[in-house]
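Written out below as structure tokens is the structure these notes cover.
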Amino acid sequence: MSGKLQIIKSLGVFSQACAKRLEVPYCSRQLIASRLLSTSHIVYLEKERAVAIEAVERASRVCKAVFKQLVNEETLTKKDKSPVTVADFSAQAVVNSVLEKHFPNDPIVGEEDSKDLQGEDGRVLRERVVELVNTAVDKPMSAEDVLCAIDRGQYEGGSSGRHWTLDPIDGTKGFLRGEQFAVCLALIVDGQVRLGVVGCPNLPFDMSKPEGDKGVLAVAVQGQGAFQRKLNADSELEQRIMVSNVEDACNASFCESVEAGHSNHSDNAKIAELLGISKQSVRMDSQCKYIAVARGDADIYLRLPVDSKYVEKIWDHAAGNIIIHEAGGHVTDINGEPLDFSKGRTLSANKGVIAANSNIFETVLAAVQTTLANKY
Ligand SMILES: Nc1ncnc2c1ncn2[C@@H]1O[C@H](COP(=O)(O)OS(=O)(=O)O)[C@@H](OP(=O)(O)O)[C@H]1O
Ligand SMILES: [Mg+2]
Ligand SMILES: [Mg+2]
Ligand SMILES: [Mg+2]
């Protein structure tokens, strides 16, 4: 094992043994991390972390404002998707312009592009988006600035250099239902995810108090552990998060997508049966599922392919992936391969996703492979 890996693993053991649910202010945490990892080859990404948090918080505020103004019973009964469209474009423009201000040379792989906002056909939507974006940025932005900011997300990604990946609203259907959605931002360097931030405006801060404070921001930098803080709160106090320590898969609870079209519910049920799981699955939209596993609210996240042609997108997984790893869990595809973020905008080398705490991961993977034998 290399010296660097050894140090990172030792920090992991230290963290698990001594720092479970450690509550530390951000500055002390940085100090602890820098003392333990005081070698020149480890990159702390301190500025990137702070900028990514600021970007996600601003975009989350915009999404909440859109929900309050535009989602009502009528839009719900008509299945009108326009509110989420407005929020999606606005959030991408806000995040991209914050990134541009601090890291003008970093390319971005973002989910959205400005096509639907252009020309006379896009005028109404464009005006709404420009107005919203201007509530969340420091310097006024013209319509052209906003379209340009959105289109900074057109980068192709790949295996060399650094780039960001953004899902301005993950769980668009959850957003419209007033349930879970997330603003997800990650930094990828040479094909490896190094930093992830997920803003979950509707997620209870403490799952044992579902009616308590809502709004969670989860963040992880490679080698530094995973943390949560209150989203858009005055305090920057961070709390270490860790996966559960369930050791017997039959006692595990699992979460899955709400949409049967995004994750195969019937295969998930077969796997649960094989593992002897009797608890009802928790269905939740967005990368909030990764956060639920990372902080031990659930033990397993299953996202099994529904159709063999669908290829997962990097922005749907990058931030959640590093947060799980840094919280002490594992993530692979259905073949046990790590998710490969070096292939461009998609996870073309992978099929499906499994995340779980490290104690039960191998058992879960074996059950997935038995159930899906020769299917994909
Ligand atoms: N066929 C298929 N299979 C798998 N995944 C798909 C599929 N089609 C779409 N998507 C992507 O799913 C993202 C939302 O995933 P969720 O887990 O939040 O689904 S659900 O809302 O809980 O049903 C969703 O992200 P958003 O568009 O950002 O909401 C899509 O990128
Ligand atoms: Mg998504
Ligand atoms: Mg999205
Ligand atoms: Mg989408």
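Whatever order the structure lists ligands and atoms in, that order sets their numbers, starting from 1. The model shown is predicted, which means the values in this text are computed figures rather than measured ones.
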Q.
With 2.8 Å as the threshold, which protein atoms of type N, O or S lie near the Mg ion (ligand 2)? Leave waters out.
A.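 Listed by chain and number, the nearby protein N, O or S atoms are Asp167 OD2, Asp170 OD1, Asp316 OD1.
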
Any atoms of ligand 1 less than 4.0 Å from a non-hydrogen atom of [X]? List them with their elements.
X: Ser257; result: 16 (P), 17 (O), 19 (O), 20 (S), 22 (O), 23 (O)
X: Asp167; result: 28 (O)
X: Glu259; result: 20 (S), 23 (O)
X: Gly171; result: 18 (O), 26 (P), 28 (O), 29 (O)
X: Lys289; result: 16 (P), 17 (O), 18 (O), 22 (O)
X: Gly261; result: 1 (N), 2 (C), 3 (N)

Which residue and atom name correspond to the protein heavy atom nearest [atom], and how close is it?
atom: atom 31 (O) of ligand 1; result: Asp316 OD2, 2.6 Å
atom: atom 14 (C) of ligand 1; result: His262 ND1, 3.5 Å
atom: atom 22 (O) of ligand 1; result: Val258 N, 2.9 Å
atom: atom 27 (O) of ligand 1; result: Glu111 OE2, 3.2 Å
atom: atom 18 (O) of ligand 1; result: Ser286 N, 2.5 Å

Looking at [Y] and [X], is any side-chain nitrogen of the basic one under 4.0 Å from a carboxylate oxygen of the acidic one?
X: Lys173; Y: Glu259; answer: yes
X: Asp138; Y: Lys101; answer: yes
X: Glu131; Y: Arg128; answer: yes

Q.
For residues Val258 and Phe181: do they belong to one hydrophobic cluster (side chain heavy atoms under 4.5 Å, members Ile, Leu, Val, Met, Phe, Trp, Tyr)?
A.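 Each belongs to a different hydrophobic cluster.
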
(Q) Quick check on the hydrophobic clustering: are Leu274 and Leu372 connected, directly or via other members, by side-chain heavy-atom contacts under 4.5 Å? (A)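 In one cluster: no.
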
Closest to [atom] among [options] (heavy-atom distance):
atom: atom 28 (O) of ligand 1; options: Thr172, Ile169, Asp285; answer: Ile169
atom: atom 12 (O) of ligand 1; options: Arg303, Glu312, His317, Lys173; answer: Arg303
atom: atom 7 (C) of ligand 1; options: Tyr301, Tyr310, Phe181; answer: Tyr310

Q.
If only side-chain N and O atoms count, and only distance matters, is there a donor-acceptor pair under 3.5 Å linking Ser286 with Gln180?
A.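 Gln180 vs Ser286: no donor-acceptor pair found between side chains.
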
(Q) Residue-level breakdown please: for Asp170 versus ligand 1, do any non-hydrogen atoms fall below 4.0 Å on the side chain, on the backbone, on both, or on neither? (A)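 Looking at Asp170 and ligand 1, atoms from backbone and side chain both fall under 4.0 Å.
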
Q. Hey, is Val306 touching ligand 1 through its side chain, its backbone, both or neither, going by heavy atoms under 4.0 Å?
A.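 It is neither part, as no heavy atom is under 4.0 Å.
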
**Q.** Pairing residues for His262 by the ring pair (Phe, Tyr, Trp, His ring centres under 6.0 Å) criterion, not counting sequence neighbours
**A.**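 Testing His262 for ring pair (Phe, Tyr, Trp, His ring centres under 6.0 Å), a comparison that skips the adjacent residues, returns none.
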
(Q) Let's go through Phe175 and Phe67 carefully: what are the C-alpha distance in whole Å and the side-chain angles of both, what is the deciding distance for ring pair (Phe, Tyr, Trp, His ring centres under 6.0 Å) to 0.1 Å, and is it a yes or a no? (A) CA-CA 8 Å; Phe175 173 87; Phe67 185 82; 5.7 Å; yes

In this structure, which one of [options] forms a side-chain contact (heavy atoms from CB on, under 4.5 Å) with [X]?
X: Lys375; options: Ile334, Asp267, Leu304; value: Asp267
X: Leu99; options: Asp106, Leu187, Leu166, Val51; value: Val51
X: Ser90; options: Val146, Ile150, Val133; value: Val133

Does [X] come within less than 4.0 Å of ligand 1, judged by its heavy atoms?
X: Met284; answer: yes
X: Lys313; answer: no
X: Gly174; answer: no

Q: Please assess Glu57 against Lys64 for the test salt bridge (Lys or Arg N to Asp or Glu O under 4.0 Å), listing each intermediate value before the final yes or no.
A: CA-CA 11 Å; Glu57 290 207 314; Lys64 281 194 83 167; over 6 Å; no

Q: Kindly give the heavy-atom pair with the smallest separation between Val130 and Ala143, and that separation in Å.
A: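 That closest heavy-atom pairing would be CG2-CA, 3.6 Å.
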
Q. Does atom CD of Glu273 have more than 12 heavy-atom neighbours, drawn from other residues, nucleotides or ligands, at distances under 6.0 Å?
A.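 12 or below, so no.
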
(Q) Taking atom NZ as the centre, does Lys343 end up with more than 12 heavy-atom neighbours from other residues, nucleotides or ligands that are less than 6.0 angstrom away? (A)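 For Lys343, atom NZ is not crowded (no more than 12 foreign heavy atoms under 6.0 Å).
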
